[in-house]
Amino acid sequence: MNRFLFKAGLLFFSAMVLITSCSTNPFTGKRTMAFVGNNTLFASSFVQYQQFLSENRVITGTPEAEMINNAGNKIRMAAEKWAASVGQPGYLSDYRWEFTLIDSNEINAWAMPGGKIVFYRGILPVTRDEAGIAVVMGHEAAHAILNHGQQRVSANILQQIGAVGVSILASEQTPETQALAMTIYGAGSTLFGTLPYSRAHEIEADQVGLTLMIIAGYDPESAAAFWERMSSLGGGSIPQFLSTHPSDTTRINALRRYIPEARKTAERIGIIQ
């Protein structure tokens with residue numbers, strides 16, 4: 001029993017240390033988990049990004065590649081202007097922004113910690129023009145400046161600590177009970193923790209991305225229109241509560257509701273001419 005109490009105490013202490021490892025994001029004012037520093041995450045991200053580029057064909061010098069680079073730089077300047085407006089002019093100084101077009105039919109785009117943003121050629125018929133590209137660019141840049149990668153890593157660490165805790169608490173039970181406890185914990189922590197957390201990040205990136213694109217001089221009405229085109233492509237019918245992303249209808253409605261507030265924030269910060 002003493003051994004059990006020692007392990008439980010050690011686990012509790014570790015959890016408290018991690019929980020107090022938080023930082024405040026200047027774009028939202030929220031306290032977020034930061035168990036792993038961005039200096040570590042960025043270094044790893046940049047290495048992975050270079051590895052990705054070496055394994056894929058990068059498109060350069062085309063009108064599409066130029067639009068992506070143009071939209072990316074406008075969104076980058078919008079983010080820097082926003083950071084400066086809240087008294088954090090150097091907040092993004094460690095970011096190494098790159099906006100890359102990859103020769104792939106996949107309808108996708110993604111961002112890595114530190115500002116590496118990748119578009120696949122297959123998404124261009126859906127974005128249609130630079131405003132559509134700015135919708136996606138704003139969303140992906142928002143993931144980067146909101147440190148969502150850092151938060152996901154931190155959440156995974158917290159989930160692992162929880163698993164250790166369940167294992168300790170069930171250590172005196174039968175093997176069958178221990179296995180059942182771990183199964184229930186794994187399913188529960190994913191269904192009620194990881195998935196809602198991921199969906200919240202997507203909505204937050206939509207909202208911050210919308211504000212970024214307005215600051216950058218793009219029409220926010222393009223955002224809902226882009227997602228309507230994405231929705232028309234069909235795809236999976238997985239229920240939202242089982243998905244890492246909100247449904248198309250949820251995010252389209254949320255974007256439309258958020259436009260007035262995004263405009264107000266952008267006007268306060270100043271729209272880039």
Side-chain angles (χ1 to χ4, degrees), residues 25-34 41 45 71-72 75 78-79 82 99 106-120 122-123 126-127 131-156 158-159 189-216 218 220-262 265-266:
N25 190 278
F27 299 98
T28 62
K30 295 179 182 178
R31 294 275 291 172
T32 59
M33 294 185 294
L41 282 179
S45 170
I75 295 294
W82 191 344
F99 316 105
E106 187 175 345
I107 304 174
N108 198 13
W110 46 262
M112 299 183 76
K116 307 300 186 183
I117 298 178
V118 169
F119 277 63
Y120 292 102
I123 201 172
V126 190
T127 56
I133 289 172
V135 173
V136 180
M137 188 69 72
H139 175 90
E140 298 302 338
H143 277 310
I145 67 175
L146 294 173
N147 292 320
H148 283 165
Q150 182 186 61
Q151 292 175 51
R152 284 192 294 272
V153 170
S154 300
N156 288 338
L158 204 58
Q159 188 178 35
S189 62
T190 297
L191 188 60
F192 299 109
T194 304
L195 294 179
Y197 194 57
S198 179
R199 291 194 296 270
H201 279 176
E202 292 300 316
I203 291 296
E204 187 174 59
D206 280 349
Q207 293 176 342
V208 170
L210 191 67
T211 304
L212 287 172
M213 67 179 294
I214 297 174
I215 297 171
Y218 295 101
E221 298 293 342
S222 301
F226 166 78
W227 283 108
E228 286 171 346
R229 293 194 295 272
M230 282 289 287
S231 181
S232 70
L233 296 177
S237 57
I238 183 171
Q240 178 172 285
F241 74 94
L242 293 176
S243 175
T244 58
H245 286 59
S247 69
D248 292 338
T249 299
T250 295
R251 76 191 316 162
I252 289 167
N253 291 337
L255 281 165
R256 285 184 172 139
R257 287 195 303 270
Y258 193 71
I259 285 177
E261 185 175 344
T265 300

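Predicted, not measured: the structure shown is a model, and the values here were computed from it.
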Hey, what do you get for [atom1] ([X]) to [atom2] ([Y]), rounding to the nearest 0.5 Å?
X    : Y    : atom1 : atom2 : value
N147 : F27  : CG    : CZ    : 9.0 Å
E204 : T28  : CD    : OG1   : 5.5 Å
L212 : Y218 : CG    : OH    : 12.0 Å

Within the 3.5 Å criterion, strictly below it, is a donor on H143 or E202 matched to an acceptor on the partner's side chain?
yes

Evaluate the side-chain proximity of [Y] to [X]: yes if any heavy-atom separation is below 4.5 Å, no if none is.
X    : Y    : answer
L210 : I259 : yes
R251 : H139 : yes
F99  : I75  : no
I123 : F226 : yes
W82  : T211 : yes

Provide the closest heavy-atom pair for [X] versus [Y] in the form atom of the first, atom of the second, distance.
X    : Y    : answer
I107 : G122 : CG1-O, 3.5 Å
F119 : M137 : CE1-CE, 3.4 Å
T127 : R229 : O-NH2, 3.3 Å
A131 : S222 : CB-OG, 3.5 Å
L255 : A224 : CD1-N, 4.4 Å
A78  : A216 : CB-N, 4.0 Å

Are the side chain of [X] and the backbone of [Y] linked by a donor-acceptor contact shorter than 3.5 Å?
X    : Y    : result
N108 : V118 : no
S45  : M112 : no
T265 : E261 : yes

Non-neighbouring partners of Y120 that pass side chain to side chain donor-acceptor pair (under 3.5 Å), sequence neighbours left out
W110

Test of understanding: with side chain to side chain donor-acceptor pair (under 3.5 Å), list the residues that count as partners of R256, not counting sequence neighbours.
E228

